[in-house]
Amino acid sequence: MCGIVGFVSDKKIKVSDLILGLKKLEYRGYDSSGIAYNCDNKIKYIKKTGRISELEKVALDHNLLEEPFYCGIAHTRWATHGMVSEQNSHPHMDCKEQFAVIHNGIIENFQELKNQLEDRGHVFKSQTDSEVIVHLIEENFKKDLLQAVLATLNLLKGTYAIAVMHKDSPNEIIAARKGSPLVVSNIEGISMLASDVTPLLKYSKDMLFLNDGEVAVLTPNKYYIYDLEGKPIHRNPTKIFWDESLAEKSGYPHFMLKEIFEQPHSLKSALVGRLVNGEPQIQEIKYLYDFVKNKMNKIYVVACGTSYHAGVATKYFVNKYSNIDFEIEVASEFRYMNPQVDDRTLVLAISQSGETIDTLEGVRIAKNKGAFVLAISNVVGSTISRESDAVLYMNTGPEIGVAATKTYTAQIALLYTLASQIIYWKYGKNNEIEKVLKEIEKVPKIYEELLNNTNGHMMELVKKYKNFKDMMYIGRNFGYPAAMEGALKLKEISYINAIAYQAGELKHGPIALLDENFPVFAIVPFGGLRDKMISNIMEVKARGAKVIVLVSKEDTQTKKIADDFIDVPIVSEPLLPLIVAPLTQLFAYYIAIEKHLDPDKPRNLAKSVTVE
Ligand code: F6R
């Protein structure tokens, strides 16, 4: 969701630098963009709805791309309050255009503040909640920008990450955060800020992640951190090891495809040093041994979307190999329930971005109730990883495509390894688990073969099924999270109404939907439940629906009754969601391509969901 970037430097920066920064944030999701910069003590700004390339075109048409300045801020907006329009795009300016503000988050008391400001004569140009911030700064400004921002922040209810410029302070940007992410950095005469590290990696690897209630003053040579009362705070930056090239497409037409093909490598990185010759050895959680062995009586997963699906797969895993009580809840529900967690619960907060607001609130609630919260995240320094008691990083490198792909498979592999370590601690070693873990170590190799050999056949299927408006994914047991994830991938990037059910639930309602216009994707297990699944496929076929089976190469019997098939390598049952994921991802990807949709930027979606 909304992206923020800004630079203040003693050397000249150009509009094109700000635009490049915005492009690195595109993946977060947005519908308009804008920039403001200080030119000879005058704030210039441009805004545009649609893609950043549209904004770039405006800058090009007006010969602004190479215009130099020392201080500038830029923003991608994901509309919440007020429609998508240039007026509602950021930056917002005060009545006299002395200040420019960009904002990510929601100001909950904006209406009340706006009424008061209008009564006092302020004229608003947008319908946004954000514009109140700049008018309040205008009112609170005496001589000092920091003091004006602090006074303003104390009036705001809700969430924000902001960056503020003043026309008479060309060497200064003030930034602040509460609830929405913000990172600052400095190197050789340039200070910068952004919603996440991707626009800044080009310049520096040392990042300081602002905490809630912190304000940063950026000047070319240094940045200073304060609390909301203006007291200085001293904290060291975190070193980020991501390479800028990881956030490039490297010859692939889309990030999503690149990330699908990265899975042999990303899965390996997630497990390095953690799963060694079939042995779970996660050093980062060694100190949890006593808690797990002697106190823990429940695992509770809190997550959203794809991360939730990885959690569901883990539930089946823990349930298959132990008696540990395991609950899982979607974070947006968890936070408004009375979740049964206490100081004997291990809460796993799964979040690729580490910024999902619902999961973050879940973390806070669980911690308040005394639980130990372990975050599983891909983003070093993200809010969830910092607020949790401990964190396991997925180490997959940045995921830019909005649809989660490589982080999902890394999550499953890492969560299975974690669950195994916990089960071993509680009950001792287990040969069946060891067999599964040894197979997980072979998955990167299996992925390589799978990804290199599916294309031709996959494209035939894509052409045949791309025009259907609906599609159902069904699975049982470990096949169920695989079905949910397959359906989510398809719906979010191809806009086909793809839904998922446990195959046994069909006859309790969903089967009424099926006819020749509603194909079914059946994920067929290799073991005990295969026959049950075949019965479900027969029921579906009897309603005239076409069936595509994801099935082992050898299973000719199932292939015969299906309309189409995709071969799946035979693995132990728990690996089913892991092994079919690249196939359902590719199917969704190519359907989107055939429909001329951009899979990296699905409509209405954001990579980092920082509003509720
Ligand atoms: C789907 C997808 C989303 C995310 C969800 C949670 O492809 O990416 O469903 O999984 O928004 O995001 P994180 O894992 O960042 O908390």
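Remember, predicted model here, so these are calculated numbers, not experimental data.
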Between [X] and [Y]: side-chain donor-acceptor atoms closer than 3.5 Å:
{"X": "Gln352", "Y": "Ser377", "value": "no"}
{"X": "Tyr465", "Y": "Asp564", "value": "yes"}
{"X": "Glu485", "Y": "Thr306", "value": "yes"}
{"X": "Asn378", "Y": "Thr396", "value": "yes"}
{"X": "Thr558", "Y": "Asp555", "value": "yes"}
{"X": "Ser385", "Y": "Tyr393", "value": "yes"}

Residues, nucleotides or ligands: over 12 heavy atoms within 6.0 Å of Lys286 NZ: yes

Side-chain contact test, heavy atoms from C-beta onward, threshold under 4.5 Å: evaluate it for [X] versus [Y] and give yes or no.
{"X": "Thr198", "Y": "Tyr27", "answer": "yes"}
{"X": "Leu415", "Y": "Ile350", "answer": "yes"}
{"X": "Leu208", "Y": "Arg235", "answer": "yes"}
{"X": "Ile422", "Y": "Leu346", "answer": "yes"}
{"X": "Val551", "Y": "Ile566", "answer": "no"}
{"X": "Tyr589", "Y": "Thr405", "answer": "no"}
{"X": "Leu583", "Y": "Val568", "answer": "yes"}

Ring centres under 6.0 Å, that's the criterion: do Phe521 and Phe587 meet it? yes

Aromatic centroids of Phe261 and Tyr447 separated by under 6.0 Å: no

At what distance, to the nearest 0.5 angstrom, does [atom1] of [X] lie from [atom2] of [Y]?
{"X": "Leu414", "Y": "Leu267", "atom1": "CG", "atom2": "CG", "value": "9.5 Å"}
{"X": "Gln281", "Y": "Gln421", "atom1": "CD", "atom2": "CD", "value": "8.0 Å"}
{"X": "Asp206", "Y": "Leu200", "atom1": "CG", "atom2": "CG", "value": "11.5 Å"}
{"X": "Arg344", "Y": "Asp325", "atom1": "CZ", "atom2": "CG", "value": "11.0 Å"}

Between Phe565 and Lys559, is there a cation-pi geometry (under 6.0 Å to ring centre, at most 45° from the normal)?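 The answer is yes, since Lys559 meets both limits relative to Phe565.
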
Can you see which heavy atom on Ala403 is nearest to which on Glu492, and at what distance? CB-OE2, 3.4 Å

Show the nearest heavy-atom pair for residues Ala419 and Val318, with the distance to one decimal. CB-CG2, 3.7 Å

Which of Glu259, Gln263, Glu399 passes side chain to side chain donor-acceptor pair (under 3.5 Å) with Thr407? It is Glu399

Criterion side chain to side chain donor-acceptor pair (under 3.5 Å) against Arg177, the qualifying member of Asp212, Asn211, Thr159: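 One option only clears the test, and that one is Asp212.
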
Can [X] and [Y] be counted as an ion pair, charged N to O under 4.0 angstrom?
{"X": "Lys268", "Y": "Glu441", "result": "no"}
{"X": "Glu284", "Y": "Arg274", "result": "yes"}
{"X": "Lys315", "Y": "Glu327", "result": "no"}
{"X": "Glu387", "Y": "Arg364", "result": "yes"}
{"X": "Arg543", "Y": "Glu539", "result": "no"}

What residue among Lys295, Lys367, Lys369 forms salt bridge (charged side-chain N to carboxylate O under 4.0 Å, His left out) with Asp343? Lys295

